[in-house]
Engineer: 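Just passing along the structure, written as structure tokens.
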Protein chains: 2
Amino acid sequence: MSGFTGAAYPKELPTAIATKAREAHERGDEFAIDLLTGASTAPDCDGVLAEAEAIRYRMPYQSDPAMRAAINAGTMKYQDLHLSHSGQQVEQGFFGERIDVAVVEVTRITEEGNLIPSSGVGNNVEYLDAAERIIIEVNSWQSLNLEGMADVYRVAPLPNRGPIPIINVGDRIGTPHITIDIDKVVAVVETDSPDRNSPFKPFDETSRQIAGYFLDFLEGEVQAGRLTYDGYIMQSGVGNVPSAVMAGLLDSKFENIQAYTEVVQDGMLDLIDAGKMTVASATSFALSPQYAEKMNREAARYRRHLVTRPLQISNSPEVIRRMGLISSNGMIEADIYGNVNFTHVAGTRIMNGIGGSGDFTRNAFASTFISPASAKDGAISAIVPFASHIDHTEHDAMVVITEYGVADLRGLAPRDRAPKLIEIAHPDYRPLLEEYVERANRNAHLHTPHDLATAFDFHVNLAEKGSME
Amino acid sequence: MSGFTGAAYPKELPTAIATKAREAHERGDEFAIDLLTGASTAPDCDGVLAEAEAIRYRMPYQSDPAMRAAINAGTMKYQDLHLSHSGQQVEQGFFGERIDVAVVEVTRITEEGNLIPSSGVGNNVEYLDAAERIIIEVNSWQSLNLEGMADVYRVAPLPNRGPIPIINVGDRIGTPHITIDIDKVVAVVETDSPDRNSPFKPFDETSRQIAGYFLDFLEGEVQAGRLTYDGYIMQSGVGNVPSAVMAGLLDSKFENIQAYTEVVQDGMLDLIDAGKMTVASATSFALSPQYAEKMNREAARYRRHLVTRPLQISNSPEVIRRMGLISSNGMIEADIYGNVNFTHVAGTRIMNGIGGSGDFTRNAFASTFISPASAKDGAISAIVPFASHIDHTEHDAMVVITEYGVADLRGLAPRDRAPKLIEIAHPDYRPLLEEYVERANRNAHLHTPHDLATAFDFHVNLAEKGSME
């Protein structure tokens, strides 16, 4: 299915499939599908399907509460892939030679039988190519003026394919439509429903503080001669802190900002409107209802500044490394040596997934992780002795930022990273972290000292007593 | 300093610096350098410097026993970077604006003042560019016929640089020499000493079995239509098992094998001599003394089949992903969900470093880890409940192979990976691993079930009792 962060997912088929599943289950029959998407979708897609117990296996990224509950209850299987790998692995046949059905939302089908992507591209090209049958949802809620925003490029098959010829963020290398084998189309469904469009949450004081430190970090890069005020290239995860960062950039000295990122966010439209951002490349939208309406009204204007690309291109290691961008993503926790847990609370309870954070972190000019130092009223510390799940290793995370400051880990051996990270931990947790370091330093091996017997005490405490303290 | 896996490192300056350090220390003066190399060097480079306590900080990969001891004793600082990042981060100024001195081994200096690399290129280009002063060691032990093997290409500065125009393994895109600013040269030293060239160890029965399973895996890929017998592109770590794999390939159906890898190994020369391998691209040699002599005698012939490249190119994520290669590296341990520890025994004692294993694993068509199921006469299991250090995450490791078989983790949710990995564990450890899974499955969250309180019991046992059992 199409769909990426609540945009461009099919609006009718998921509910229809969920209904079929319920009917089958009531009859005592088995009914479960394996669902591949671009990333998270919405309650009327992932949500209804999870509630109907209609899914056996799901990949990649998801964020629906009902689906998350099913995954953590062990009733649904989920594989959390790097987004840049997901379409590629389908092409490579890791999920079988063919996909049964591709269900893809578009704004229109051209007279030649080509598909105009709606609010995102995701893995649509790979899924349409691999599918035996195609079902198209034509959604009239989406603006027809989105046409021209997508840049559809098929990477050649492996091995020994050529370079992806993108050098600048806004380069267009493909077509505005997706070509398909029309003989595979078994149905066209007309819909008129909005994307999910999570409401915008006004950012709090903590987010504002973290954003301030992030901007300080950018200023520091300028001072060090590694960045200029002209043409900073951002990648940004979604959430309160990134929104605060983008608001901060509005009033900053940075000009001609560009985004080579995964999703177009409210803050980017504000930066474009203010003349501060020239172009954003992404695979999809993640807009609030208010901004989605603005987009639908003004798509013809925004498409001069926006490019939506297949996920293999928006998240391509090749292009990301070539750009020289600064990545910025949230996290659940980082340990004292800079290993980052992006996905699992206390090592076991998955929240969403790694998404594209690995694609960007691993290939950025500089990688940053931004997060409040504590969560759940202080019950959870974002800095821990040993990350309870590791999605980004000590080799990948360069800078960690909380409301207490910036821990710049570049060029540092592990033992020199620990004090930097403890300095930006919540003050209540600093003595506990220092106690751990003291215990760890009694180890016979002092490159990456640990006391493995107590390395997860924070997490065991959380599970048993409801707090890491 | 130049140097990569015991090849192409300076032979005289390290000892001279070590002597200076000892003299200073005897006088009660401080003396310590920060040493950046291509990767591991040799006893007469890393070894003498570590023994003289002449190093404050070292990056990236190392493997010298004396150096490892100093790092684990906490008397020397070490940062273990992805090799593809190491030169790039120097260019980016993460280690300061300039390097003080570059000490680089070459076979000769041309009349124009260009340098002909000896048995490896590594980070020489970046270091020579960033250095304030240059010292050149001209080593007459190295064959002058190595000239023409190196393909020196400078990636353009960030941001928005162009593609690296390599499509096929053997493509040459640069020059056979390194251009330098001659005014920076402060000394030229003549040497005549061999590379380290670790002796070849005949492979044992276990290695032969693992190699057999690896070849079965390749055959499976052919059966699945994902690989052909013509033109398999390999990346291969160094060691007993890879040597056994290459010996196995000699008698296999695979033809026109290519290697896009880090180092040229004995087995690759055998494959070239047998007409089974057409071309190998690497950054350096890792040959036994016997094969190094053969290389020195027959470099003019071998250079038709070999390309040595700067590390940023040999390990480029861009080129690796484009090639569609199958990566194959060793490991210390994998946990039941497929997270791989490549570097630290029991989470604390560093062995060598991540090297390029992350560059290749993360961007390969398919990534494999090959290792005996147990070590130290069974005291250590290569399959554990929770990896005590994670260098390659569950998102990156696709296939794990031991002498008990192949665990193909592709397309599987975490809980479906555990039985596959336990099946290839040493039989003595399978019941213990199954007990852990049972305990973990009592967790409230069943996507990646763990019992964090006992997750490191294997490692705590090893530290306390000398065995994981």
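Letters go in sequence order (proteins before strands), and every chain restarts at 1. Remember, it's a predicted structure, so these values are computed and weren't measured experimentally.
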Engineer: Check each atom of A:N339 against the heavy atoms of chain B and say whether the ones under 4.5 Å are side chain, backbone, both or neither.
Structural biologist: side chain
Engineer: Which bit of A:D34 comes within less than 4.5 Å of chain B, counting heavy atoms only: side chain, backbone, both or neither?
Structural biologist: neither
Engineer: Do you know the tightest heavy-atom contact between A:F94 and B:F365?
Structural biologist: CZ-O, 3.4 Å
Engineer: Crowded around A:E97 CD? As in, over 12 foreign heavy atoms under 6.0 Å?
Structural biologist: no
Engineer: Which atom names give the shortest non-hydrogen contact between A:P317 and B:P317, and what distance separates them?
Structural biologist: CB-CB, 4.4 Å
Engineer: Under a 4.5 Å heavy-atom cutoff, which of B:Y260, B:Y57, B:F95 has the most pairs with chain A?
Structural biologist: B:Y57
Engineer: Where on A:N363 is there a heavy atom nearer than 4.5 Å to chain B: the side chain, the backbone, both, or neither?
Structural biologist: side chain
Engineer: With rounding to the nearest 0.5 Å, note down the distance linking OG in A:S357 to NE2 in B:H395.
Structural biologist: 7.5 Å
Engineer: Counting heavy-atom pairs under 4.5 Å to chain B, which of A:V345, A:T343, A:T454, A:I167 comes out on top?
Structural biologist: A:I167
Engineer: Quick check on A:L452 against chain B: is it the side chain, the backbone, both or neither that has a heavy atom closer than 4.5 Å?
Structural biologist: both
Engineer: Select one option (side chain, backbone, both, neither) describing which atoms of A:R161 are under 4.5 Å from chain B's heavy atoms.
Structural biologist: both
Engineer: Looking at B:Q79, B:R322, B:E318, which one has more heavy-atom pairs under 4.5 Å with chain A than the rest?
Structural biologist: B:R322
Engineer: Could you verify whether a donor N or O on one side chain and an acceptor N or O on the other, from A:H344 and B:T448, lie under 3.5 Å apart?
Structural biologist: yes
Engineer: Check each atom of B:S388 against the heavy atoms of chain A and say whether the ones under 4.5 Å are side chain, backbone, both or neither.
Structural biologist: both
Engineer: Go through A:R410, A:H450, A:Q92, A:H389 and name the one with the most non-hydrogen pairs under 4.5 angstrom from chain B.
Structural biologist: A:Q92
Engineer: Under 4.5 Å, counting heavy-atom pairs only, tell me which of A:G96, A:S84, A:S316 racks up the most with chain B.
Structural biologist: A:S84
Engineer: Of the backbone (N, CA, C, O) and the side chain (C-beta and beyond), which part of B:L409 lies under 4.5 Å from a heavy atom of chain A, both, or neither?
Structural biologist: backbone
Engineer: Would you please test B:H445 and A:I350 for side-chain contact (heavy atoms from CB on, under 4.5 Å) and show each step?
Structural biologist: CA-CA 8 Å; B:H445 305 294; A:I350 192 149; over 6 Å; no
Engineer: If you tally heavy-atom pairs under 4.5 Å against chain A, which of B:G74, B:G324, B:G411 wins?
Structural biologist: B:G411
Engineer: Counting heavy-atom pairs closer than 4.5 Å to chain A, which one of B:M323, B:R226, B:R321, B:K77 comes out on top?
Structural biologist: B:R321
Engineer: Using a 4.5 angstrom heavy-atom cutoff, name the option from A:P163, A:P414, A:P159 with the most pairs to chain B.
Structural biologist: A:P163
Engineer: A:A455 versus chain B, heavy atoms under 4.5 Å apart: side chain, backbone, both or neither?
Structural biologist: side chain
Engineer: Given that the side chain runs from C-beta out, which part of A:E464 has a heavy atom under 4.5 Å from chain B: side chain, backbone, both or neither?
Structural biologist: neither
Engineer: Of the backbone (N, CA, C, O) and the side chain (C-beta and beyond), which part of B:A453 lies under 4.5 Å from a heavy atom of chain A, both, or neither?
Structural biologist: both
Engineer: Name the region of B:I320, side chain, backbone, both or neither, that has any atom closer than 4.5 Å to a heavy atom of chain A.
Structural biologist: neither
Engineer: Checking B:R349 against chain A: side chain, backbone, both or neither under 4.5 Å from a heavy atom?
Structural biologist: both
Engineer: What residue, out of A:G358, A:A156, A:G347, A:G162, has the most heavy-atom pairs lying under 4.5 Å from chain B?
Structural biologist: A:G162
Engineer: For A:P449, is it the side chain, the backbone, both, or neither that has a heavy atom closer than 4.5 Å to a heavy atom of chain B?
Structural biologist: backbone
Engineer: Pick from A:D80, A:L81, A:L227: which one has the most heavy-atom pairs with chain B under 4.5 Å?
Structural biologist: A:D80
Engineer: So for B:Y78, is it side chain, backbone, both, or neither that comes closer than 4.5 Å to the heavy atoms of chain A?
Structural biologist: both
Engineer: Pick one of side chain, backbone, both or neither for A:I166, based on which atoms fall under 4.5 Å of a heavy atom in chain B.
Structural biologist: neither
Engineer: Just give me the residue among B:R417, B:Q89, B:H459, B:E394 that pairs up with chain A most often, heavy atom to heavy atom, under 4.5 Å.
Structural biologist: B:E394
Engineer: Side chain, backbone, both or neither: which part of A:N160 has a non-hydrogen atom closer than 4.5 Å to chain B?
Structural biologist: both
Engineer: Can you tell me which portion of A:F386 sits under 4.5 Å from chain B's heavy atoms? Options are side chain, backbone, both or neither.
Structural biologist: side chain
Engineer: Are any non-hydrogen side-chain atoms of A:H447 and B:T348 less than 4.5 angstrom apart?
Structural biologist: no
Engineer: Checking heavy atoms, do the side chain of B:N168, its backbone, both or neither come under 4.5 Å from chain A?
Structural biologist: both
Engineer: Could you please spell out the steps behind the side-chain contact (heavy atoms from CB on, under 4.5 Å) verdict for B:R362 and A:D359?
Structural biologist: CA-CA 9 Å; B:R362 187 71 179 73; A:D359 299 324; 3.1 Å; yes
Engineer: Could you tell me which portion of B:L446 (side chain, backbone, both or neither) has an atom closer than 4.5 angstrom to a non-hydrogen atom of chain A?
Structural biologist: both
Engineer: Find out whether A:D396 and B:H82 are in side-chain contact, i.e. whether some heavy atom of one side chain is under 4.5 Å from a heavy atom of the other.
Structural biologist: yes
Engineer: Quick one: of B:D451, B:N443, B:I164, B:L325, who has the most non-hydrogen atom pairs under 4.5 Å with chain A?
Structural biologist: B:N443
